[in-house]
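A short write-up of the structure that comes next.
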Amino acid sequence: MSEMSAIQEISSIANHLPFEVLQDINQRIGDWLASGGNENDPYIKQQLKFAKRFLKEGKYTT
């Protein structure tokens, strides 16, 4: 079984992120890809780390 890509991992935790955070990550990744970046680039992994850190720190309350 292959390992999930960073984008797939972001998708798998997306429902736990507030809309504004997910929208920001989506915009950043979209801009990155539109400028010629690759979905396997470290920048995408950085966005995943941000999302995971956001969830771990529990900064969002519903």
Side-chain angles (χ1 to χ4, degrees):
M1 188 164 119
S2 64
E3 190 175 314
M4 279 199 291
S5 71
I7 289 179
Q8 289 171 324
E9 282 193 65
I10 292 168
S11 294
S12 74
I13 63 173
N15 61 327
H16 299 288
L17 294 166
F19 176 75
E20 295 81 9
V21 172
L22 187 58
Q23 189 176 33
D24 181 62
I25 292 169
N26 184 57
Q27 183 68 49
R28 290 172 184 272
I29 290 174
D31 290 348
W32 180 259
L33 296 175
S35 70
N38 184 294
E39 75 173 59
N40 295 316
D41 288 338
Y43 182 75
I44 306 299
K45 292 179 178 103
Q46 178 183 335
Q47 296 304 310
L48 173 61
K49 286 180 186 177
F50 168 78
K52 286 181 174 181
R53 188 171 58 246
F54 187 92
L55 291 176
K56 181 180 177 185
E57 292 177 4
K59 291 183 177 177
Y60 185 72
T61 57
T62 55

**OP:** Mind jotting down which residue pairs meet the salt bridge (Lys or Arg N to Asp or Glu O under 4.0 Å) criterion with at least one end in residues 40-50? Sequence neighbours excluded, please.
**Re:** none

Subject >> CD1-CD1 distance between Ile10 and Ile29, expressed to the nearest 0.5 angstrom >> reply: 3.5 Å

Original post:
Residues two or more places apart in sequence or in another chain: which of them pass side-chain contact (heavy atoms from CB on, under 4.5 Å) with Gln46?
Top reply: Tyr43

Subject >> Closest non-hydrogen atom pair, Asn40 against Asn38 >> reply: N-OD1, 2.7 Å

Original post:
What distance separates Ser12 OG from Leu48 CG, expressed to the nearest 0.5 Å?
Top reply: 8.0 Å

**OP:** Return the minimal non-hydrogen interatomic distance between Lys52 and Glu9, and the atom names on each side.
**Re:** NZ-OE1, 3.0 Å

Subject >> Sequence neighbours excluded - salt bridge (Lys or Arg N to Asp or Glu O under 4.0 Å) pairs with any residue from residues 26-36 >> reply: Asp24-Arg28

Original post:
Quick one: CD1 on Ile7 to CG on Leu33, what's the gap to the nearest 0.5 Å?
Top reply: 5.5 Å

